[in-house]
Amino acid sequence: MDESRRIRSKMKRLLRFLKGYEKESFLAPLFKMLEATFELIVPLVVARIMDIGIKNQDNVYIWHQCVIMVLLGVIGLACSLTAQYFSAKAAMGFSTALRKELFFHISRLSYRELDMLGTPTLVTRITNDVNQAQTGVNMVLRLFLRSPFIVVGAVIMSFTIDVKIGLIFLIAVPVISIVIYGIMRTTVPIYKKAQSFLDRISLITRENHVGARVVRAFGRQQEEYKEFSEVNDDYTNVQVRAGNISALLNPATTVIMNFSIIGILWYGSREVSVGILTQGEVVALVNYMNQILIALIALANLIVAVTKAMASGVRLNEVLDTQPS
């Protein structure tokens, strides 16, 4: 508990580098919410096309609704691009200020502090770790509110169409969430471990670059090559292991989603036959289920990015916490 509280306090310390980008940090999630709102309306338009336009062979109505659907897509795209612009601007400003502060702070450290931290890890932290933090900020601004809004909105819209089928959504969403959580809980420590191997690769590379003449003079090329290969293989194996576990995400969630769609079609067909539901409403429910799956997978990717950013943030704070003697 104390460790998580300490990490959160360190993250808040890094967020001060977003100063000056408060407007972008507010507008980016706002436009993403607008995009999500338009996205939730589209299945209803499709349902109207099927239930009114196609059923009555009303071509004018079909074209009218198609124009509305295209307009919703164009407006949603404009909102998405605007949100991406503001989030990218805020994230780049954040990383620029952070990198500048790190460079200024490192330049004030004495040789004792530099030796204690290690030059290779400083290079990794001011480049790779700052980039990870930048990616985390960018994805949080774009997806932190959008994904939960899509999930909750799709569930609410399903209940407005049919309460009984809405229960299928209430069952499917927690099950998919549990699967995603289990995979993320397994892969996050592996990603953290990979970061330490990256530091080791940077160290060996720098040692070979700086001491190239010494290595050649003592004929240690093969030993150095073997050491680098071992560390690089370890890094590769860790990344492959994380990738193999993450690869389970799509098939596992797709299976659950397909079973949910089967349930929607099976129960929906019965209600269509008695006139409680229309065919267009069943298609809208299937679309909402697909939207939920896409939103949850995006949320899973966000969790991975945020976890990497938090691990990098802890490493960056270690540099900033080192006081020059």
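For the single chain, residues carry numbers from 1 onward in sequence order. Computed over heavy atoms, backbone and side chain alike; hydrogens, waters and symmetry mates excluded.
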Criterion side-chain contact (heavy atoms from CB on, under 4.5 Å) on Phe169 and Leu285, from CA distance to verdict: CA-CA 9 Å; Phe169 284 76; Leu285 289 168; 4.0 Å; yes
[atom1]/[X] to [atom2]/[Y] distance, rounded to the nearest 0.5 angstrom?
| X | Y | atom1 | atom2 | value |
| --- | --- | --- | --- | --- |
| Ile75 | Ser80 | CD1 | OG | 13.5 Å |
| Leu299 | Ile292 | CG | CD1 | 12.5 Å |
| Ile294 | Met257 | CD1 | CE | 8.5 Å |
| Glu281 | Gln279 | CD | CD | 11.0 Å |
| Cys79 | Leu72 | SG | CG | 10.5 Å |
| Asp51 | Asn56 | CG | CG | 9.5 Å |

Are [X] and [Y] connected in the hydrophobic side-chain network, where two residues link if heavy atoms are under 4.5 Å apart?
| X | Y | result |
| --- | --- | --- |
| Ile178 | Val173 | no |
| Met289 | Ile256 | yes |
| Ile41 | Ile49 | yes |
| Leu30 | Phe86 | yes |
| Ile126 | Leu122 | yes |

side-chain contact (heavy atoms from CB on, under 4.5 Å) between Tyr85 and Thr82, intermediate numbers included: CA-CA 5 Å; Tyr85 168 77; Thr82 305; 5.6 Å; no
Which atom names give the shortest non-hydrogen contact between [X] and [Y], and what distance separates them?
| X | Y | answer |
| --- | --- | --- |
| Ser87 | Ala28 | N-CB, 3.7 Å |
| Val272 | Val282 | CG2-CG2, 3.7 Å |
| Leu277 | Gly268 | CD1-CA, 4.2 Å |

Asn287 (side chain) donor-acceptor with Pro43 (main chain) under 3.5 angstrom: no
Test item: Ser25 side-chain N/O and Tyr21 main-chain N/O as donor-acceptor pair under 3.5 Å: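 Side chain of Ser25 to backbone of Tyr21: a pair is present.
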Under 3.5 Å, which donor-acceptor pairs link side chains of residues 90-98 to any protein atom two or more places apart or in another chain?
from  : atom 1 : to     : atom 2 : distance (Å)
Ser95 : OG     : Ala91  : O      : 3.3
Ser95 : OG     : Met92  : O      : 3.0
Ser95 : OG     : Gln134 : OE1    : 2.9
Thr96 : OG1    : Met92  : O      : 2.7

Return all side-chain donor-acceptor pairs below 3.5 angstrom for residues 141-164, not counting sequence neighbours, or 'none' if the list is empty.
from   : atom 1 : to     : atom 2 : distance (Å)
Arg142 : NE     : Gln84  : OE1    : 3.1
Arg142 : NE     : Asn138 : OD1    : 3.4
Arg146 : NE     : Glu35  : OE1    : 3.2
Arg146 : NH2    : Glu39  : OE1    : 2.4
Ser147 : OG     : Ala295 : O      : 3.3
Ser158 : OG     : Val155 : O      : 2.5
Thr160 : OG1    : Met157 : O      : 2.5
Asp162 : OD2    : Lys164 : N      : 3.1
Asp162 : OD2    : Ile165 : N      : 2.9

Heavy-atom check, side chain of Arg125 versus side chain of Val130, under 4.5 Å: no
Cluster companions of Val240 among Ile, Leu, Val, Met, Phe, Trp, Tyr (side-chain spacing under 4.5 Å):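 Other cluster members: none.
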Salt bridge (Lys or Arg N to Asp or Glu O under 4.0 Å) contacts touching residues 87-107 (sequence neighbours left out):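 Every salt bridge (Lys or Arg N to Asp or Glu O under 4.0 Å) pair that includes a residue of residues 87-107, provided the two are not neighbours, is Glu24-Lys89.
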Sequence neighbours excluded, every pair satisfying side chain to side chain donor-acceptor pair (under 3.5 Å) that has a member inside residues 261-273: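 For residues 261-273, and leaving out neighbouring residues, the side chain to side chain donor-acceptor pair (under 3.5 Å) pairs sorted by first residue read Tyr267-Glu271.
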Worked check of side-chain contact (heavy atoms from CB on, under 4.5 Å) between His105 and Val319: CA-CA 8 Å; His105 185 77; Val319 178; 4.3 Å; yes
Residues Leu265, Ile261; criterion side-chain contact (heavy atoms from CB on, under 4.5 Å); working and verdict: CA-CA 6 Å; Leu265 295 175; Ile261 291 176; 3.9 Å; yes
Show which side-chain atoms of residues 57-69 pair as donor or acceptor with protein atoms under 3.5 Å away, not counting sequence neighbours.
from  : atom 1 : to    : atom 2 : distance (Å)
Gln57 : NE2    : Ile54 : O      : 3.1
Asp58 : OD1    : Val60 : N      : 3.3
Asp58 : OD1    : Tyr61 : N      : 3.2

